[in-house]
Q: 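Pasting a structure below so you can have a look.
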There are 2 protein chains.
Amino acid sequence: MKSSPPPQQPYHHGDARNALLRAASEILETSGAAGLALRQLAERAGLSRQAPYNHFADKQALLAELVKQGFERLGADMKAAADSDLPPVARLTKAGASYIAFAQQTPALFRLMFSKELVDVACYPKASGAAEHSFAQLCKIVAALTSPETVADMSLVAWSLVHGYATLCIETGLEGPEHRADRAALFTRAVLGSVQP
Amino acid sequence: MKSSPPPQQPYHHGDARNALLRAASEILETSGAAGLALRQLAERAGLSRQAPYNHFADKQALLAELVKQGFERLGADMKAAADSDLPPVARLTKAGASYIAFAQQTPALFRLMFSKELVDVACYPKASGAAEHSFAQLCKIVAALTSPETVADMSLVAWSLVHGYATLCIETGLEGPEHRADRAALFTRAVLGSVQP
DNA sequence: ATCTATATGTTGACAACGTCAATATTATTG
DNA sequence: CAATAATATTGACGTTGTCAACATATAGAT
């Protein structure tokens with residue numbers, strides 16, 4: 001009498017796309033984008049190496065989805081600062097600190113989000129839309145601090161400052177998270193001081 | 001009667017290391033760091049694929065040499081601004097504009113210089129030395145504008161600003177070179193405005 | 001001058017990678 | 001129910017960085 005075979009795994013993974021993205025996200029933060037191979041993440045998701053191509057056009061499309069998710073999270077942080085019941089100046093400081101925190105907490109994702117060589121965000125409307133929304137929240141915060149004709153300049157200064165500092169911290173070890181609050185305050189002063197009083 | 005064979009190429013290239021670096025530099029700016037393969041640049045330099053290993057420990061070591069060269073050039077730009085016979089405020093503006101120009105003119109090299117994933121500068125003393133010298137020139141410019149206890153903060157603001165703006169321009173197409181001078185001036189105001197008057 | 005060691009150079013080979021192609025299984029559509 | 005589409009697998013290919021073995025030229029020691 002032949003014993004019945006053990007229960008087989010179903011043919012379909014059932015949640016392949018999300019499993020792939022989860023695997024990608026994990027590998028990204030441990031090995032960086034350079035160490036993120038499609039074959040590796042397929043294996044981690046319990047799929048074959050060709051399976052990612054059923055859900056993403058190519059490797060860049062998969063990375064673009066990570067980028068979109070990253071901008072959505074960053075945008076939510078910026079929105080939280082914009083919607084907080086703090087005085088306008090404190091909102092800008094809170095937004096700056098959040099931006100820097102995001103980069104310091106998920107450096108590989110932050111790198112990927114601004115790595116035109118790996119993902120050209122302009123080719124992925126959802127990702128670029130999320131990026132624009134993120135920046136718009138920052139502009140909203142700045143708009144509460146100045147007149148309409150200087151909002152653009154001040155927003156540019158704000159973004160350049162936090163982005164430059166965050167990038168230098170993760171790429172050169174410029175400073176660690178213990179300086180974040182002080183630097184956010186310093187940058188707020190610089191932003192306010194960039195316009196004529 | 002056997003005719004004599006045509007003149008052979010000498011066994012040794014004669015300038016292999018520099019030929020490899022030149023080839024790497026060319027490919028870097030056309031295909032980016034992601035498109036820069038050791039085999040390709042060896043071929044371009046007229047050498048076999050193993051030849052680069054006679055001059056560089058591995059691919060990263062070769063890239064580190066490019067990074068060092070990049071920081072030397074950037075440092076020279078910063079020094080030129082520091083040594084110019086302009087008033088101190090104009091020197092800062094000139095330095096900022098030079099930094100942004102460097103990034104916009106050689107974006108792939110600029111990316112590589114701050115790409116910890118590709119080249120960890122901390123592991124290459126000559127490259128990190130050149131990077132530090134570059135930043136020190138910026139600090140020298142700032143020192144002429146403020147008191148000793150605020151030099152560090154102002155230098156950090158200056159660097160974060162130009163670095164953030166330069167990076168955003170090359171990675172997101174934020175703005176083109178036509179805005180460079182105006183933005184350098186705006187950033188100077190922000191730097192000066194970051195300290196209490 | 002001769003011999004040995006070192007530096008520079010080549011090609012064979014390997015594992016890993018992204019992706020194409022063919023095949024198999026399951027789910028959806030008409 | 002049959003046909004189509006979506007999801008899944010494995011074979012295969014060209015490319016990559018690097019190891020290893022071998023070849024050639026140069027430098028150093030005697």
Side-chain angles (χ1 to χ4, degrees), chain A residues 5-24 26-28 30-67 108 112 115 117-120 123-124, chain B residues 5-24 26-28 30-67 108 112 115 117-120 123-124:
Chain A
Q8 300 288 339
Q9 295 281 46
Y11 179 78
H12 282 172
H13 182 286
D15 198 26
R17 192 172 189 275
N18 287 329
L20 289 165
L21 288 170
R22 273 193 304 268
E26 287 161 14
I27 295 166
L28 180 64
T30 55
S31 309
L36 196 159
L38 273 193
R39 292 177 175 222
Q40 185 191 16
L41 72 88
E43 186 174 325
R44 180 177 282 222
L47 291 158
S48 70
R49 63 189 184 287
Q50 184 66 20
Y53 292 91
N54 292 320
H55 303 270
F56 306 95
D58 53 21
K59 185 173 177 181
Q60 188 175 188
L62 184 146
L63 295 178
E65 185 62 32
L66 293 185
V67 166
L112 182 64
S115 180
E117 269 193 16
L118 295 180
V119 179
D120 189 351
C123 301
Y124 299 90
Chain B
Q8 300 289 338
Q9 293 280 46
Y11 178 75
H12 282 172
H13 183 284
D15 197 27
R17 192 172 189 276
N18 286 328
L20 289 165
L21 288 170
R22 273 193 303 267
E26 288 162 12
I27 295 167
L28 179 63
T30 54
S31 309
L36 196 159
L38 273 192
R39 290 178 176 225
Q40 185 192 17
L41 72 88
E43 187 175 325
R44 182 177 282 223
L47 292 158
S48 70
R49 63 188 184 286
Q50 185 67 18
Y53 292 91
N54 291 321
H55 303 271
F56 305 95
D58 53 21
K59 186 175 177 180
Q60 189 175 189
L62 185 146
L63 296 177
E65 184 62 31
L66 292 186
V67 166
L112 181 64
S115 181
E117 269 194 15
L118 296 180
V119 180
D120 188 351
C123 300
Y124 298 90

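Every heavy atom of this structure was used, including side-chain atoms; hydrogens, water molecules and symmetry mates were not. Here is the naming used below: chain letters follow the sequence lines, and residue numbers restart at 1 for every chain.
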Q: What's the closest nucleotide to the side chain of B:Y11 if the choices are C:dT8, D:dA8, D:dT16?
A: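 Among C:dT8, D:dA8, D:dT16, the one nearest the side chain of B:Y11 is C:dT8.
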Q: On a heavy-atom basis, which atom in A:Y53 and which in A:D58 lie closest, and how many Å separate them?
A: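 In terms of heavy atoms, the two residues are closest at CE2-CA, 4.0 Å.
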Q: Starting at atom CG of B:N54, determine the distance to atom C1' of D:dA21, rounded to an integer number of angstrom.
A: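 Taking atom C1' of D:dA21 as the reference, CG of B:N54 is at 14 Å.
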Q: Any idea which of C:dT8, D:dT7, D:dG17 is nearest the B:A37 side chain?
A: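 Per side-chain heavy atoms of B:A37, the pick is D:dG17.
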Q: Could B:E43 and B:R49 be called an ion pair, given the rule that one side-chain N must be under 4.0 Å from one carboxylate O?
A: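 Between B:R49 and B:E43 there is no salt bridge, as every charged N stays at least 4.0 Å from the carboxylate O atoms.
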Q: Considering just the side-chain nitrogens and oxygens of A:H55, establish if one lies under 4.0 Å of OP1 or OP2 belonging to D:dA6.
A: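 Looking at the OP1 and OP2 atoms of D:dA6, neither is under 4.0 Å from any side-chain N or O of A:H55.
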Q: Would you check if the side chain of B:H55 reaches a backbone N or O of B:L20 as a donor-acceptor pair within less than 3.5 Å?
A: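 No; judged by distance alone, with no hydrogens or angles, the pair does not exist.
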Q: So which atom in B:L36 and which in B:A24 form the shortest heavy-atom distance, rounded to 0.1 Å?
A: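 Answer, listing the atom of B:L36 first, then B:A24: CD1-O, 3.4 Å.
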Q: Hey, which of these two, A:Q50 or B:R39, hits DNA chain D nearer its 5' end, going by closest nucleotide?
A: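 The answer here is A:Q50.
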Q: Closer to the 5' end of DNA chain C via nearest nucleotide, is it A:G35 or A:A57?
A: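 The answer here is A:G35.
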Q: Rounded to the nearest Å, what distance is computed from the CG atom of residue A:D58 to the P atom of nucleotide C:dA21?
A: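 In whole Å, C:dA21 P and A:D58 CG are 15 Å from each other.
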Q: Calculate the interatomic distance between B:L41 atom CG and D:dT16 atom P; express it in whole Å.
A: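 Roughly 11 Å, once rounded to whole Å.
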Q: Less than 4.0 angstrom between a side-chain N/O of A:Y53 and OP1 or OP2 of C:dT19, yes or no?
A: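 Indeed, a polar side-chain atom of A:Y53 lies that close.
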Q: Measuring from the side chain of B:A51 (C-beta onward, heavy atoms only), which nucleotide among D:dA23, C:dT10, C:dT26 has the closest atom?
A: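 Nearest to the side chain of B:A51 among the choices is C:dT10.
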Q: Could you tell me how far apart A:L20 (CG) and D:dA8 (P) are, to the nearest whole angstrom?
A: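 Nearest whole value for this atom pair: 8 Å.
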Q: Over how many whole Å does the gap from B:R49 atom CZ to D:dG14 atom P extend?
A: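 In whole Å, D:dG14 P lies 16 Å from B:R49 CZ.
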Q: Within the structure shown, what part of the strands sits under 4.0 Å from B:L36 by heavy-atom distance: base, sugar-phosphate, or nothing?
A: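 The answer is sugar-phosphate, as B:L36 gets under 4.0 Å only of primed atoms, P, OP1 or OP2.
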Q: For B:L47 and D:dT24, what is the distance between atoms CG and C1' respectively, to the nearest whole Å?
A: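 That distance rounds to 14 Å.
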Q: Measure the distance from NZ on A:K59 to P on C:dA16 and round it to the nearest whole Å.
A: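 These atoms are roughly 15 Å apart.
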